[in-house]
Amino acid sequence: MPRSGALYTINGLLLEQAKKMVARVETEDEIAKMRAAGQLAASVLEMIGDHVAVGVTTDQLNTICHNFIVDDLQCVPAPLNYTNGSAPPFPKSICTSVNHVVCHGIPSEKKALKSGDILNIDVTVIKDGFHGDTSKMFAVGKPSVLAERLIRVTQECLYRGIEAVRAGATLGDIGHAIQTHAEENNFSVVREFCGHGIGRTFHDEPQILHYGRANTGPKLEEGMTFTIEPMINAGKRNVKILPDQWTVVTKDHKLSAQWEHTIMVTSRGAEIFTRRGEERPS
Ligand code: MF3
Ligand code: CO
Ligand code: CO
């Protein structure tokens, strides 16, 4: 999500962005529903992997995911017609971000995948009123050594961030863990977009920055639910938004990668609602 709470207008009135709250689960029933939404979102990423191939367009991937989400999973694809108050409604059901696209890439029939491309697919589903939000990187054909390293280090950044989560830790601890690992590998952290509280609302408080200082910021509390979704660049951290008002790209046009999970803070750590089978220890 964008980091600033933009102002927007309705009927000519200037309004503050909808009041945001810290997302948290209060009951076992809510936890069960977040678990279910998370697992359904994860299943979309598991399903789509076989379809990522040379020559396939990102719009074809969108259609396959849309039909699977609506028909098979009986869920709502949260991105479709999503509006953040300033940009036009998002026109597709998933985000597909190829190579130097950082996030919020719009699936297009003009974007056919080539060998060597790297691609983030970001899926958010709504089931029983609760959101599951998750993304992963795919490599098409044979990626460069740099692209493979960027993909691996970015996934490690996500896991470092998750490992920093437990009741009593701080938001700064999460950002610090991610930033340290990215910069030790000579990559940079995008600052204009962040993780977010999630539950009945898609983008809620708190903002989860992917950089920061240890022992700073608000303390994490048991039951808080949010995403961690580091965007890591091979070159400089700076980004710009294309005229479509959604697509975020690196200013230097170097590669960018992102991985995302939806998690819940527990007394001892984090529960990953969107964990895929391939991530489970065998
Ligand atoms: N799934 C994205 C996130 O991680 C948000 C996409 S909003 C859209 O927060 F409108 F671009 F789809
Ligand atoms: Co998200
Ligand atoms: Co997402």
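Whatever order the structure lists ligands and atoms in, that order sets their numbers, starting from 1.
- Residue H196 forms a side chain to side chain donor-acceptor pair (under 3.5 Å) with just one option from D133, T262, D204, T201, and that option is D133.
- Salt-bridge formation is not detected for the pair E156/R160: no Lys NZ or Arg NE/NH1/NH2 atom is positioned less than 4.0 Å from an Asp or Glu carboxylate oxygen.
- Taking every heavy atom of H203 and a limit of under 4.0 angstrom, the matching atoms of ligand 1 come to 3 (C), 5 (C), 9 (O).
- Considering just the N/O/S atoms of E229, the one nearest the Co ion (ligand 2) carries the name OE2.
- Close placement of the H104 and F193 rings is indicated, their centers lying within 6.0 Å of each other.
- Less than 4.0 angstrom separates some heavy atom of E229 from each of these atoms of ligand 1: 3 (C), 4 (O), 9 (O).
- Between Y82 and H203, the ring centre distance stays below 6.0 Å.
- At least one heavy atom of H196 lies less than 4.0 angstrom from ligand 1.
- Considering backbone and side-chain N/O of Y82, none are found under 3.5 Å from N/O of ligand 1.
- Proximity to P79 (heavy-atom distance under 4.0 Å) selects the following atoms of ligand 1: 12 (F).
- Counting only heavy atoms from C-beta outward, the side chains of F187 and R149 approach each other to under 4.5 Å.
- The atoms of ligand 1 that sit less than 4.0 Å from any heavy atom of T124 are 1 (N).
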Fill in: Verdict with supporting geometry, R166 and E222, salt bridge (Lys or Arg N to Asp or Glu O under 4.0 Å)
CA-CA 8 Å; R166 60 176 166 74; E222 212 173 328; over 6 Å; no
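- Neither the backbone nor the side chain of A78 comes within contact range of ligand 1; no heavy atom lies under 4.0 Å.
- Salt-bridge formation is not detected for the pair E205/R24: no Lys NZ or Arg NE/NH1/NH2 atom is positioned less than 4.0 Å from an Asp or Glu carboxylate oxygen.
- In this structure, F193 has no heavy atom closer than 4.0 Å to ligand 1.
- Taking the Co ion (ligand 2) as reference, D133 places its N/O/S atom OD2 nearest.
- Residue F202 approaches ligand 1 through these ligand atoms, each under 4.0 Å from one of its heavy atoms: 1 (N), 5 (C).
- Checked against the Co ion (ligand 2), the N, O or S atom of E260 at the shortest distance is OE2.
- Not a single heavy atom of T227 sits under 4.0 Å from any atom of ligand 1.
- The pair D59-K92 counts as a salt bridge, with a side-chain nitrogen and a carboxylate oxygen less than 4.0 angstrom apart.
- Summary: NE2 is the N/O/S atom of H196 found nearest to the Co ion (ligand 2).
- On a distance-only criterion, D133 and ligand 1 share at least one N/O pair closer than 3.5 Å.
- Here the straight-line distance linking atom CE of M137 with atom CD1 of I151 works out to 4.5 Å at 0.5 Å rounding.
- With respect to the salt-bridge test (charged N to carboxylate O, under 4.0 angstrom), the residues E148 and K142 qualify.
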